[in-house]
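Beneath this line is the structure, given in structure tokens, with notes to follow.
Naming: A, B, ... by sequence-line order, numbering from 1 per chain.
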There are 2 protein chains.
Amino acid sequence: MNTAPSSPKATRDRAATERAILDAAKQVLVEQGFTCFGVNAIARAAGCDKQLIYRYYGGLDGLVDALGTELSHLFGEQLEFESSRPLENYGEFVEQMLLALLRTFRASDLLLRIAAWEILEPSPITRRLAETRGAALMHWVRSMRGDLEPPEEMDFGAINAILIAAVQHLVLSAHATGGFGGVPLDSDADWKRIEAGLVAMVRAIYPPSSLGGS
Amino acid sequence: MNTAPSSPKATRDRAATERAILDAAKQVLVEQGFTCFGVNAIARAAGCDKQLIYRYYGGLDGLVDALGTELSHLFGEQLEFESSRPLENYGEFVEQMLLALLRTFRASDLLLRIAAWEILEPSPITRRLAETRGAALMHWVRSMRGDLEPPEEMDFGAINAILIAAVQHLVLSAHATGGFGGVPLDSDADWKRIEAGLVAMVRAIYPPSSLGGS
DNA sequence: GGCTTTTGTCACCGATCGGTGAAAAACCTT
DNA sequence: AAGGTTTTTCACCGATCGGTGACAAAAGCC
């Protein structure tokens, strides 16, 4: 690793070091998982001393906070560009939301890891991550929904929770074991099946034909 | 804990000790989570020396194997009694299966923890757990389905995977954070909402009226 | 030049981890 | 009671963990 004996950092740049630590935190989370997420591993990945994590971020908690804000921005950016074509009814909105969510989770290992972390360890650290992520998601969904109203005769809150939970879990399970249950989830064709299933379900639940406002 | 100085076990009973270790393993998994799942914690909970884990189970791997078989039995038992009333069509089968699955997961912290573990750490240890659990689930589903045939015009494999994944994820999320997204999942009333949503979805997808074979 | 402040490194602490070798204590057989 | 076997505990190893205090070196200021 070190050619020169004890190379004391090429340049002295606090901002760059802070960023290196933050990037290292993401890297460790993605590549090693949250069980290895600690000052030692992060400092090792960042190529600096762990003391700097305490000095610059006030320990792991502060670092996670910084990572949380970084994350909400990333979440917003990844999702933003999807809502292009105008939506005609509530079912179409749900459909597009689910597909965008699925692709976003599939594309970002970091988001995935953090979502998993939130589920597994209800620690105060993950609470803040969950809140910031949830807020970003909420904001995005609202901006996407526009003024479309859900049909009143059904509990769309529960139904949407079910659908979103399904998307999240399938991506998580696929990432861990390459599938869910007996269904393989690896190739794009596999995911096309899921997408088609989601669309079919949404259309069955929110039929586009019956445009009943109120 | 010890009144007498170094109480070297009240009775010497290998079978009882093995069972104590197995129970301690479950207890640690449920109460501390899988991050604390190790020989030290288990031996501490079992009230014996960790050496016995190596001697009787050949280490953590063997212990997890034993726990896996124990688990598949538990899974079968917890699910068995649900399939009482005869099912008339495929949609009703899916409906009852989902509700049984939801209640089973809600009732068993151990099953929940292991399901979460499988998702988070794709280690060889969890692979075996996933396989045994998946096999038990498969067996139960087949016995419940009987000779009911799904409608051929839709990808019931993908749709059922979506629904089962949703159930699993909702219970996981509820256990960790008391809800999912903005939806609280704590009281029985909250879960009634989810159950009603599931039923509504299944009935929309597999309409009981159109009994079309092929 | 000297001086302080910032930036980074190093050495160390106690605790816990997984894992092993050997002694001690109970049980069984004779 | 003697000897051997099984069951259990103890003591120790190296490694890693989170965390802290002291020190070295670069940068800014006078």
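Look at CG on A:D13: it is 16 Å from C1' on D:dA25, rounded to the nearest Å. Here D:dC10 presents its P atom at 15 Å from CD1 of B:I53, a figure rounded to the nearest Å. Computed from coordinates, the B:K50 NZ to C:dA22 C1' distance equals 15 Å when rounded to whole Å. Between the C1' atom of C:dC17 and the CZ atom of B:F37 lies a distance of 15 Å, rounded to the nearest Å. Protein atom CD of A:Q51 is 16 Å distant from nucleotide atom P of D:dA24, rounded to whole Å. Following rounding to the nearest Å, A:Y54 (OH) and C:dC13 (C1') show an atom-to-atom distance of 13 Å. When the P atom of D:dT7 is taken as reference, atom CZ of B:R19 falls 17 Å away, rounded to whole Å. Look at CG on B:L52: it is 14 Å from C1' on C:dA26, rounded to the nearest Å.
OP1 or OP2 of D:dT8 lies within a sub-4.0 Å distance of a side-chain N or O belonging to B:T17.
With sequence neighbours excluded, the residues forming a side chain to side chain donor-acceptor pair (under 3.5 Å) with A:Q27 are A:E31, listed by chain and number.
Distance from the side chain of A:N40 is smallest for D:dC17 among the nucleotides D:dC17, C:dG19, D:dT8. Between C:dC27, C:dG19, D:dA25, one nucleotide has an atom nearer to the side chain of A:R12 than all others, and that is D:dA25.
A side chain to side chain donor-acceptor pair (under 3.5 Å) check over residues 64-75 of chain B, counting only residues at least two apart or in different chains, returns the pairs B:K26-B:E70, B:D65-B:R128.
Both B:D49 and B:R14 sit near DNA chain D, but only B:R14 has its closest nucleotide nearer the 5' end. Each of B:R55 and B:R44 was matched to the nucleotide of DNA chain C holding its nearest heavy atom; the match closer to the 5' end belongs to B:R44.
Of the residues A:I159, A:L163, A:L99, A:N160, the one that meets the side chain to side chain contact (heavy atoms under 4.5 Å, CB included) test with A:V202 is A:L163.
By the 4.5 Å heavy-atom criterion applied to side chains, B:W140 and B:L101 are counted as neighbours.
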